[in-house]
Trainee: 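Have a look at this one before I ask anything.
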2 protein chains.
Amino acid sequence: MVGIKDVARQAGVSVGTVSNVLNRPERVSHEIRARVHAAIDLLGYVRSESARQLRAGHSRMLGLLVMDTGNPFFAVLAQGTEQVAAEAGLGVMVCNSAESAAAEQGYLSLFVEQRLRGVLFAPVASDGEPWQALRRANIPFVVVDRAVDTRTACSVAADDVLGGGLAGRHLLAAGHRRIAYVHGPGHLQQVRDRREGLARAVEEAGLGTDAIVDIPAERLDVSAGRDAGARLLGLSPRPTAVFCANDLLALGVMQTTFDAGVRVPDDLAVVGYDDIEFAEASLIPLTSVRHPAAEIGRLAAGLLLREIEPPDPERGHQHTGIVLRPELVVRRSSTPQP
Amino acid sequence: MVGIKDVARQAGVSVGTVSNVLNRPERVSHEIRARVHAAIDLLGYVRSESARQLRAGHSRMLGLLVMDTGNPFFAVLAQGTEQVAAEAGLGVMVCNSAESAAAEQGYLSLFVEQRLRGVLFAPVASDGEPWQALRRANIPFVVVDRAVDTRTACSVAADDVLGGGLAGRHLLAAGHRRIAYVHGPGHLQQVRDRREGLARAVEEAGLGTDAIVDIPAERLDVSAGRDAGARLLGLSPRPTAVFCANDLLALGVMQTTFDAGVRVPDDLAVVGYDDIEFAEASLIPLTSVRHPAAEIGRLAAGLLLREIEPPDPERGHQHTGIVLRPELVVRRSSTPQP
DNA sequence: CGGTGTGAGTGAAACGATTCATACCGCCGT
DNA sequence: ACGGCGGTATGAATCGTTTCACTCACACCG
């Protein structure tokens, strides 16, 4: 493999000069610069990123750890961070914790071994300090899609309680008095917060807690949604509305019930969460709480960059917590046609 | 940052010994091993991956370059390769060329700079030799989702001509005599092959080429599909069936036409391609040609591993080309209820 | 003519791990 | 008592960059 030494020899200069051509071309005379570039082309030289990293002490990559790379919500979030990172000349390594705390820890160790420049991650567990490894290694990180104490870290999240409230009030306003809540694994903070918002809306409306019917699901995906839909059909009396912890579940629920001849929205109103592209693309477009994925990704990357290179190095870094407001996007799945 | 030297000092041994504890523990006495591990825990030492890489000459990662990380097809493919790579102790770095040849070249250079252990990629351009950079750098690579000459490289693909034929014959058998083909950018081999398969089926049926109505789309996503659907509605006479180059397009087409009151499948039969999860999850489940994403990902990773470490180092590596057979999955979008 | 400054290029140290030839030690067999 | 051997530990060389203190030549100025 051809290295900087070979280039130097070929061009008849020292290695330091070649390095200067690459990194501070203005300090090198025109003629030498040309000679070095000619040698580089001739030999097909490519810088070794690992050697640069070793010297620099850290890589030029960010890590992004999400709970499900198959969920379009996270795919969009990842695109947002990649965009911002690319503008700063940084790459992004996206990893999938698959909602497993063990996998999460594994990837975080990997990130430390790689000496990543910074990390964005959506923690799985709702308690404990999953980021300890990063702390010890002094790797800046931003918590994504979940708010944490600003004494701990920067974070970018959306207000899930508010979002759950939006969904709840929307359904209550339409006259529904018995609402199913289809939720994924209970250890996820987001899932609990959304229910909390729904519960408050129900309370505001002066209804008892039995206005909410919990339907647990194994995972947060379409097939779990189909199972949940089947269970929903078995309930008696059947709820007239269903709120799902995310859009994938809602799509699954809607499919099963639609198949069984239940008319959406007339017999059953359905509201999802996240507003992924497929919510809008459904044949009966899905009402959903818009969770601004791309913006979360972009803002979080921005905060991370600020933590990596403070614009004002004098005063130390102050953690920032951004909480975005979700919006209800009303579509046909919850609004009977006149 | 604490390094191997600090651990050695703390444990009262040489750096070589610490390295042995980490990499060949069987060569180190019990007592020393314990002392070293204690020192590691005490100091919170974490190996520097970049130093290992520098020494080894290559990283312990594979690169995967796909055309659209937002497309569930590629998300599933990525999960397949990650699974196989993880079993071999390798990580995967997933990048998005976004169907741009320039971005593709950018990522390939990045891969070379990183001295990745191997690369899987779905080439954008249908001609030329996009992998030249990898060749020069001696980085093994496997072409994914497209067949190439086995003298050139290993590849794993599905037979798109056959797939297009399956879709075509299915529609023709149902009596359709005027079929729209909604396709994405024409420079993609897959898009052209699928049309080719359709065209042959039409020919076999003894029909003229005017049985196919081309509807071009800007991209291969849902919103492009909606546009295409609108154009389809404007055609007169309107085709009675539509075959789409991928499922995202098909979902978009189906939504627009459904909205306009066109009954699927009675007034319009729709067939997609890839059989992503959302095809099955649609309210009117989408007939689709199953393109085995996870298997492509797994097989390609397997071939790559074989090229990296030949099981039989005696005889050089022989490139292999795997072509999988797609299957038609018939669902409601193309079969009128009795 | 001596002193000073400047711009261009040099060469060696450093980054943190791995690896390999070598040294050491105790023990066995002769 | 000595050679040899197996099992352990050592220390230096190495990977490919970047960086920085330095040299050198040349021009300029008083």
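Proteins get letters first, then strands, A, B, ... in listed order; numbering begins at 1 in each.
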Trainee: Does any non-hydrogen side-chain atom of B:Thr320 lie less than 4.5 Å from one of B:Thr150?
Mentor: no
Trainee: To the nearest Å, give me how far apart CE (B:Met1) and P (C:dC15) are.
Mentor: 14 Å
Trainee: Rounded to the nearest 0.5 Å, how far apart are CZ of A:Arg117 and CD1 of A:Ile139?
Mentor: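 Here the interatomic distance stands at 10.5 Å.
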Trainee: Less than 4.5 Å apart, any side-chain heavy atom of B:Ile322 and any of B:Ser155?
Mentor: no
Trainee: Can B:Arg115 and A:Glu49 be counted as an ion pair, charged N to O under 4.0 angstrom?
Mentor: no
Trainee: Using a 4.0 Å cut-off on heavy atoms, which residues in residues 10-19 of chain A reach DNA chain D? List them by number, or say none.
Mentor: A:Gly16, A:Ser19
Trainee: Once pairs are restricted to Watson-Crick or G-U wobble with both distances under 3.5 Å, how does DNA chain C read as a dot-bracket string, [ ] for crossings and | for other-strand pairs?
Mentor: ||||||||||||||||||||||||||||||
Trainee: Angle between ring planes, A:His319 versus A:His317, binned at 30° and 60°: parallel, tilted or perpendicular?
Mentor: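 Perpendicular: the ring planes of A:His319 and A:His317 meet at over 60°.
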Trainee: At under 4.0 Å between heavy atoms, what does A:Ile32 touch on the DNA or RNA strands: base, sugar-phosphate, or nothing?
Mentor: sugar-phosphate
Trainee: With A:Ser50, which residues qualify under side-chain hydrogen bond (donor to acceptor under 3.5 Å, both in side chains), at least two apart?
Mentor: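 If we apply the side-chain hydrogen bond (donor to acceptor under 3.5 Å, both in side chains) test to A:Ser50, skipping adjacent residues, the hits are A:Ser48.
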Trainee: Between A:Trp131 and A:Phe121, how do the two ring planes meet: parallel, tilted or perpendicular, split at 30° and 60°?
Mentor: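 The rings of A:Trp131 and A:Phe121 stand perpendicular, inter-plane angle above 60°.
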Trainee: Give a yes or no on this: more than 12 heavy atoms of other residues, nucleotides or ligands lie within 6.0 Å of atom CZ of A:Arg135.
Mentor: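 Yes.
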Trainee: Going 5' to 3' along DNA chain D, which are the first and last nucleotides with any atom under 4.0 Å from a heavy atom of chain A?
Mentor: D:dG16 to D:dT19
Trainee: Please enumerate all residues that pass ring-ring contact (aromatic ring centres under 6.0 Å, His included) together with A:Phe73, with sequence neighbours excluded.
Mentor: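 A:Phe73: ring-ring contact (aromatic ring centres under 6.0 Å, His included) contacts with A:His291.
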Trainee: Go through residues 34-59 of chain A and report each residue with a non-hydrogen atom lying under 4.0 Å from DNA chain C, sorted by number.
Mentor: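 A:Leu54, A:Arg55 - these, ordered by number, are the residues of the stretch whose heavy atoms sit under 4.0 Å from the strand.
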Trainee: Under 4.5 Å between any side-chain heavy atoms of A:Pro130 and A:Gln105, yes or no?
Mentor: yes
Trainee: How close or far is atom C1' of C:dA8 from atom CD of A:Glu31, stated in whole angstroms?
Mentor: 12 Å
Trainee: Between A:Arg33 (CZ) and C:dG7 (P), how many Å, whole number?
Mentor: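 Whole-Å distance recorded here is 15 Å.
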Trainee: Heavy-atom nearest nucleotide on DNA chain D for B:Asn20 versus A:Leu22: which residue maps closer to 5'?
Mentor: B:Asn20
Trainee: Around atom CZ of A:Arg33, are there more than 12 heavy atoms of other residues, nucleotides or ligands at under 6.0 Å?
Mentor: yes
Trainee: Please round to the nearest 0.5 Å and tell me the distance separating atom CD of A:Gln190 and atom CG of A:Leu220.
Mentor: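 Going from the CD atom of A:Gln190 to the CG atom of A:Leu220 covers 9.0 Å.
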Trainee: C:dA17 P sits how many Å from A:Glu113 CD, rounded?
Mentor: 10 Å
Trainee: For the CZ atom on B:Arg47, are there more than 12 heavy atoms of other groups (residues, nucleotides or ligands in this structure) within a distance under 6.0 Å?
Mentor: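 Atom CZ in B:Arg47 is crowded, with more than 12 foreign heavy atoms closer than 6.0 Å.
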